[in-house]
Amino acid sequence: MLPLRFIREHEALVRERLSARGGDVPLDELLELDNRRRQLLTRVEGLRAARRKVSRGIGQASGHERESLIAQTREVTAQLGDCEPELGKIQTDVERLLLEIPMLPHESAPVGDADHPGQVHFCSGAPAPGSQVPPHDEIASELGILDFARASKVAGSGFWIFRGAGAHLQRALVQWMLDFQVQEHGYRELYLPALVTRTAMTNAAKLPKFAGDSYAVDNQRLWLSPTAEVALSEYHAGETLDAAMLPAKYVAYAAAFRREAGAAGVETRGLRRVRQFDKIELFNVTTPDDSYRTLERMRGEAEAVIKRLGLTYRVREVPTGDLGFAAAKQYDLEVWSPGAGEWLEVSSVSNCEAFQTRRAGVRIRRPGSARTEYAHSLNGTALGLPRTFVALLENGRQADGTVAIPDVLQPYMGHRTQIEAEASWL
RNA sequence: GGAGGAGUCGCAUAGUUGGUCUAGUGCGGCCGCCUGCUAAGCGGUUACCGGGAGUAUCCCUUUCGGUCGUGGGUUCGAAUCCCACCUCCUCCGCCA
């Protein structure tokens, strides 16, 4: 969240930056409440100070003097009773509104609405036109490695079951992607809980705004993690980190759960939009002056995965109207799906600056300095598994119907070079 | 799931007949003094959030309020009493 004082003191800037995002933000209501809050607070604090001053003498006093002092504080307490409840309500409301205000877009983020394609930053090569590749779900069912019908019996719509080489290929992807980030880019691997607290969800800025997009459990006390980013951003909550040890680089393999309410149709066919999917998440904690350099580095670390898999891809510099709630700047990485004839987002890399760390209380202290400041946090996918799987099937499909396995994955697949049709399954 | 115990300013602790707690002490950290060097010693300092004021753009100074796991309650007044919840520890039960 944004600091209230910053909003108050830089109202024009905040208005301008938020308008680049579009959408309604309750800024007027917030500022009005804050004004009232400060008036009341000054009054309440004055009364409390007066009460404390008198109250301190009661211990030593006795007799009439004591009675008189108690009567005085009783009077002050009565006055407090008139304004403290209102102050409490206002503070609750201010807090609630503050949570609804998104991160300010960075000045370098291209201005535009959600339908704006953004700026295509880099393209590894134009997709081959007029391709005859069937969509991934057809390829997969020919091979017998993917089963939607049975998955819907088990869990309803939005799920799938991998069989045989399909399951193996996903496992290989997970293993390789983790090893790659650890070995090539110096990441530390974490394994995280799939259930996260309401507090973690709120601090990561997934609540209250996006409550409807996630699954709640145990009377909303816990939530099924919609992304490993939630657990990762809470990992250092309440800690003051040594700035000399930064950046902290974490990689985690985790399932992500999303309700995807109302999503159905051609665009969601097959594996493209599902309610449970695996991904490899990158997360960095940095000093404020290093976060934009880190953003570029992380984009490169995610791109490297796509390159090694030999996929056609592009990088979108996400326009202000399409930024994530907590993101000041964001890159989306998209791979080409020849079967569907469209770009599929397989990664999103964001700099959230201090938006999450302020909520979670992640601070840093620089060597030799007594004071602390908020760290910056960045998250990125590298990569989302199902859509990567789609692209691998469609790009790797060979004339005989088999699918070539990328070189980097072969060691993880028992040195097989291709996937053939699975035989003898029930 | 059941029964006990515990949560205090980085760490360790003191603090329960409610008011001299403006939370003490030790360790660690930081600054300084002393000192061929180091160690020891001596002195000082040591959290976070928020309001006000200050020739101060979130730094700083000062003042006030809040924070003793979290949230309520009792009271003129709560670290201290009561209730709920959270976390950890011990034991029992159950379980991959």
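Below, chains carry the letters A, B, ... as their sequence lines are ordered, and counting in each starts from 1. As the structure is a prediction and not an experimental result, all values here were calculated from the model.
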So, is [X] close to the [N] phosphate, meaning a side-chain N or O under 4.0 Å from OP1 or OP2?
X	N	result
A/Arg66	B/G77	no
A/Arg48	B/G52	no
A/Thr372	B/C48	yes
A/Tyr374	B/C49	yes
A/Arg56	B/G77	no
A/Arg52	B/G66	yes
A/Arg5	B/G51	yes

Using the [atom1] atom on both, measure [N] against [M] and round to a whole Å.
N	M	atom1	answer
B/G2	B/G10	C1'	37 Å
B/U55	B/U74	P	44 Å
B/C81	B/C68	C1'	16 Å
B/U80	B/A14	C1'	13 Å
B/U90	B/C9	C1'	29 Å
B/G19	B/U75	C1'	12 Å
B/G66	B/A79	P	9 Å
B/G43	B/A53	C1'	33 Å

For the student: nearest non-hydrogen atoms of A/Arg258 and A/Pro226, plus distance: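 That closest heavy-atom pairing would be NE-O, 2.9 Å.
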Looking at every heavy atom in both A/Thr287 and A/Ile364, which two are closest together, and how far apart are they? CG2-CD1, 3.7 Å
Hey, which sits more toward the 5' end of RNA chain B by its nearest nucleotide, A/Ser55 or A/Gly46?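 Residue closer to the 5' terminus by nearest nucleotide: A/Ser55.
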RNA chain B: 5'-proximal contact among A/Glu9 and A/Arg38 (nearest heavy atom): A/Arg38
Could you give the [atom1]-to-[atom2] distance, from [X] to [N], as a whole number of Å?
X	N	atom1	atom2	result
A/Arg221	B/C85	CZ	C1'	10 Å
A/Glu239	B/C11	CD	P	11 Å
A/Leu4	B/G50	CG	P	9 Å
A/Gln91	B/U67	CD	C1'	13 Å
A/Leu222	B/U87	CG	C1'	14 Å
A/Lys53	B/C64	NZ	P	10 Å
A/Leu47	B/G51	CG	P	18 Å
A/Met1	B/C49	CE	P	11 Å

Under a 4.0 Å threshold between the charged nitrogen and the carboxylate oxygen, would [Y] count as salt-bridged to [X]?
X	Y	value
A/Arg36	A/Glu86	yes
A/Glu45	A/Arg48	no
A/Arg314	A/Glu334	yes
A/Arg272	A/Asp137	no

Which base, if any, makes a Watson-Crick or G-U wobble pair with [N], both distances under 3.5 Å?
N	value
B/C60	B/G54
B/A6	B/U87
B/C68	none
B/A96	none
B/G19	B/C76
B/A47	none
B/U35	none
B/C11	B/G26

B/U8 glycosidic torsion: syn (within 90° of 0) vs anti: anti
Sequence neighbours left out, what passes side chain to side chain donor-acceptor pair (under 3.5 Å) with A/Arg293? Give chain and number order.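 Counting only residues at least two positions away or on another chain, A/Arg293 forms a side chain to side chain donor-acceptor pair (under 3.5 Å) with A/Asp290.
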What nucleotide, of [options], holds the atom closest to the side chain of [X]?
X	options	answer
A/Arg51	B/G51, B/G65, B/G77	B/G77
A/Thr77	B/C76, B/G66, B/C58	B/C76
A/Arg74	B/C76, B/G51, B/C49	B/C76

Would you classify A/Leu41 as touching base, sugar-phosphate or nothing, given that sugar-phosphate means primed atoms plus P, OP1 and OP2, and contacts are heavy atoms under 4.0 Å?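 The residue A/Leu41 makes sugar-phosphate contact but no base contact.
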Base B/G50 paired with A/Glu45 side chain (donor-acceptor, <3.5 Å):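 Under the 3.5 Å cut-off, the side chain and the base do form a donor-acceptor pair.
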Is the backbone of A/Thr202 close enough, under 3.5 Å, to the side chain of A/Arg359 for a donor and an acceptor to pair up by distance?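 Between the backbone of A/Thr202 and the side chain of A/Arg359 there is a qualifying donor-acceptor contact (under 3.5 Å).
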